[in-house]
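Worksheet: one structure, shown below.
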Amino acid sequence: MLKISKGNKKNFSALRIHFKGNVQGVGFRPLLFKIAKRLKLKGWITNTASGVLTEVEGNPRNIQKLITNLKYLLPHHARIEKITKEKIKKRNFDNLSIISKKDKKKAATDIPPDLTICPDCLEELLDKSDRRYNYPFINCTNCGPRFTITKEVPYDRVNTTMASFKMCENCQKEYETFTDRRFHAQPNACPICGPKISLLSRSMEITADEKTALDKTINLLKKGKIVAVKSLGGYHICCDALNINAVQVLRKRKNRPHKPFAVMVKDIKTAKKYAHLNKEEEKLLKSVERPIVLLKKKKLVPDNIAPRNAYIGIMLPYTPLHYLLFSFKKSDFEMLVMTSGNRTDEPICRSESELKEKLFHIADYFLVHNRKIHNRCDDSILFNFNAKSDGNIFIRKSRGFVPYKIHINALKSKTYPNILATGVELKNTFCLTRNGNAYVSQYVGDMDNHESLVFYKESQGHFQKYLDIKPSIIVHDLHPNYMTTIYAKKLKEKNKNLKMFAVQHHHAHIASVIAENNIDKPLIGFAFDGTGLGLDGKIWGGESFLYSGGNFKRLSHFDNFLLPGGDIATKEIWRLGVSVLTKIDISKLPEHYKKYPALDVVKMIKNKINSIECSSVGRIFDAVASILDIKQEVSFEAQAAIEMESIALDIPVKKGYNFNIFYNENTECFIISLKEIIKGILRDKENGINSKIISAKFHLSIVEIIVYLAKKFRKKYKINDIAISGGVFQNRIILSSTIEKLRKSHFNVYWNKVVPPNDGGISLGQAYLASKRQG
Ligand code: ZN
Ligand code: ZN
Ligand code: FE
């Protein structure tokens with residue numbers, strides 16, 4: 001800290017100040033400039049790789065005021081984390097300027113996430129007299145693309161994909177005028193000098209230029225055509241959501257019979273017309289991050305948008321181009337399907353060169369533009385479960401939020417080695433650490449194809465460049481066949497000095513909660529999800545653990561049952577129904593299994609042929625859905641569980657099914673038997689009880705099991721802190737009643753609020769455990 005004694009006031013008339021934090025691409029430098037100018041200070045301001053640096057001279061009192069005023073007026077998205085001040089010699093500058101210095105010393109600052117169009121720009125966009133009227137790339141210091149166009153740090157135009165556009169005289173003037181709201185807006189552009197849109201046909205020929213492309217696109221969409229639209233972090237596939245035929249064609253072409261499509265609605269009023277939303281959900285929808293928010297849908301929503309699902313994923317327009325799709329000329333859309341432009345499971349397309357190969361069988365036309373996307377970034381997905389701000393849960397954290405960092409106390413030593421956590425297989429992210437912070441990547445997706453691996457490696461390269469690090473510790477999952485494990489091992493082969501750790505999947509789930517909450521004490525963790533390789537070589541997914549100092553002891557799990565046929569059982573979930581039923585003594589299988597070769601599967605199970613043992617709650621949900629004949633086959637992960645949740649919503653039940661828990665001396669684990677629960681379900685079914693009620697009772701049973709075990713462990717270990725994580729906690733009934741009931745029994749409950757509870761949060765947990773185990 002700077003000390004100023006009365007004697008050296010003179011020296012203090014010149015100061016070098018370094019600001020660190022979220023200070024680039026958020027209007028920080030322009031504000032600093034404006035205040036300094038008003039205070040009649042002279043000198044310069046620049047972006048550096050690690051923040052914003054300024055040298056100012058003038059009246060000492062005014063220099064003091066500069067910092068106070070700045071803190072007071074800080075732009076909405078800016079955040080100062082550290083201010084370093086240094087007295088310097090006065091150099092008698094004759095003016096104040098913003099300069100861009102090529103910074104050789106790379107020390108990484110925070111690149112801002114992309115920002116949705118601001119109200120001022122939106123007003124200009126729709127103002128006939130404005131020179132940017134209907135211009136799809138309008139932006140200012142408060143809004144526009146950031147992360148997706150940034151190639152290098154610091155965030156200056158030359159380091160973005162806007163570098164290839166030379167500003168026209170008017171734009172340049174705005175950029176240089178400190179009173180202008182585009183003063184140093186890096187992606188500043190106008191119809192004369194900036195990027196342009198055009199419409200391509202399937203043969204990749206331009207069928208409309210920037211003047212007619214929008215008009216034509218809207219007409220095509222109105223006719224029920226499917227258009228791929230280049231957005232901020234990649235392509236969307238777009239069609240009129242209220243045109244049932246168009247949506248059906250899209251389902252066919254995308255080979256996506258049931259999985260819900262996200263929609264973009266015209267405005268918040270339309271969102272309310274089609275979905276119920278609380279204050280918190282409304283806030284999320286309108287937030288600058290503009291995520292997709294999963295909302296309880298109203299009856300008006302056509303069935304084929306989110307079939308047999310109580311929720312609909314809605315977002316508001318976030319780029320000027322999106323706004324124009326809803327407002328240009330005769331456009332009167334209320335709701336457009338906006339789903340990721342990709343081939344099944346592959347990463348979202350970002351460049352025109354990918355279209356022909358990857359999207360041409362899906363879209364009829366392509367609305368493209370010539371501003372390059374450097375970082376792919378899918379839309380983020382969230383829901384809120386309690387109408388409070390601590391109830392926002394990420395399903396996917398990507399565009400609008402990435403990059404972000406999580407401070408981890410365990411990593412706070414500056415010299416701590418950098419870690420790369422490679423994540424897992426599905427919904428994957430990776431995580432890098434530097435100087436006490438963990439940086440989780442954007443959503444990469446499912447790692448079972450070559451394209452995803454390419455994206456994964458590319459993004460890792462980008463992050464390492466921004467952060468200026470080379471990891472010396474690498475962490476991977478226990479599963480030997482995951483692409484991310486193989487990748488980690490290859491890195492180790494190339495560099496023998498790398499330290500390598502394997503971390504168990506569900507340990508990492510719990511560690512993700514510990515990391516983001518900076519918990520430094522023993523706790524009990526419940527990790528419920530679909531799949532993850534356990535320490536005993538079996539599939540886990542219904543575990544509880546005692547955590548202490550970076551280590552885990554498994555305390556309980558659901559009784560193992562077989563997955564007959566292995567992976568195929570996750571699609572043909574009738575196999576799981578049959579498998580779970582073989583655990584109880586029933587004379588014959590329910591009627592609805594007649595359609596399937598169920599007896600062959602029974603044989604498979606009895607002889608343990610091609611069947612692997614598992615304790616996954618996700619799979620138990622599948623089994624119960626099958627036993628109730630709600631679903632026998634699924635086309636996407638968690639489809640049956642979503643339907644089970646959807647029918648059970650708002651069905652009040654007082655008590656779940658009875659359950660049995662016994663202790664296994666050999667494994668020192670409590671085993672939760674499925675027998676009583678399944679018997680109870682069958683009894684209710686025979687008695688003609690509605691599936692909705694059975695599903696609600698089943699949900700409650702899972703929650704009651706958690707509370708029962710938590711109490712048991714509290715008694716034994718004197719621990720009152722509970723962490724919950726894993727995909728099952730994306731089920732709102734399970735999540736909200738688990739928290740509610742545990743709290744009622746006076747437990748402290750921790751859950752994921754920063755990273756998703758699903759496998760997208762695992763890389764953070766891996767990095768955290770590596771840091772604990774290394775230290
Ligand atoms: Zn703006
Ligand atoms: Zn211009
Ligand atoms: Fe998982």
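Keep in mind that what you see is a predicted model, and the values were worked out from it rather than measured. Numbers here are sequence positions counted from 1. Both counts, for ligands and for their atoms, begin at 1 and track the order of listing.
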(message) In terms of relative ring orientation, are His509 and His505 parallel, tilted or perpendicular, with 30° and 60° separating the classes?
(response) perpendicular
(message) Among the N/O/S atoms of Asp529, which is closest to the Fe ion (ligand 3)? Give the atom name.
(response) OD2
(request) Look only at the side chain of Arg146 and the backbone of Tyr155, and say whether a donor-acceptor pair between them is shorter than 3.5 Å. (result) no
(request) Please work out the angle at the Zn ion (ligand 1) defined by atom SG of Cys140 on one side and atom SG of Cys118 on the other, rounded to 10°. (result) 100°
(message) Using a 3.5 Å distance criterion without hydrogens, assess whether the side chain of Thr160 forms a donor-acceptor pair with backbone atoms of Arg157.
(response) yes
(request) Side-chain contact test, heavy atoms from C-beta onward, threshold under 4.5 Å: evaluate it for Gln442 versus Asp378 and give yes or no. (result) no
(message) Keeping Tyr456 on the side-chain end and Ser459 on the backbone end, is there a donor-acceptor pair under 3.5 Å?
(response) no
(message) Which atom name does His509 have for its N/O/S atom nearest to the Fe ion (ligand 3)?
(response) NE2
(message) Is the ring pair Phe528/Phe729 parallel, tilted or perpendicular, if the boundaries are 30 and 60 degrees?
(response) parallel
(message) If we only look closer than 2.8 Å, how many protein N, O or S atoms does the Zn ion (ligand 2) have near it?
(response) 4
(message) Suppose you place the vertex at the Zn ion (ligand 1); what is the angle out to Cys143 SG and Cys121 SG, to 10°?
(response) 100°
(request) Could you grab the angle centred on the Fe ion (ligand 3), going from NE2 in His505 to OD1 in Asp759, to 10°? (result) 100°
(message) Below 30° counts as parallel, above 60° as perpendicular, anything between as tilted: where do the rings of Phe621 and Phe698 land?
(response) perpendicular
(message) Whether the side chain of Glu516 engages the backbone of Lys753 through a donor-acceptor N/O pair (distance < 3.5 Å, no angle test) should be reported.
(response) yes
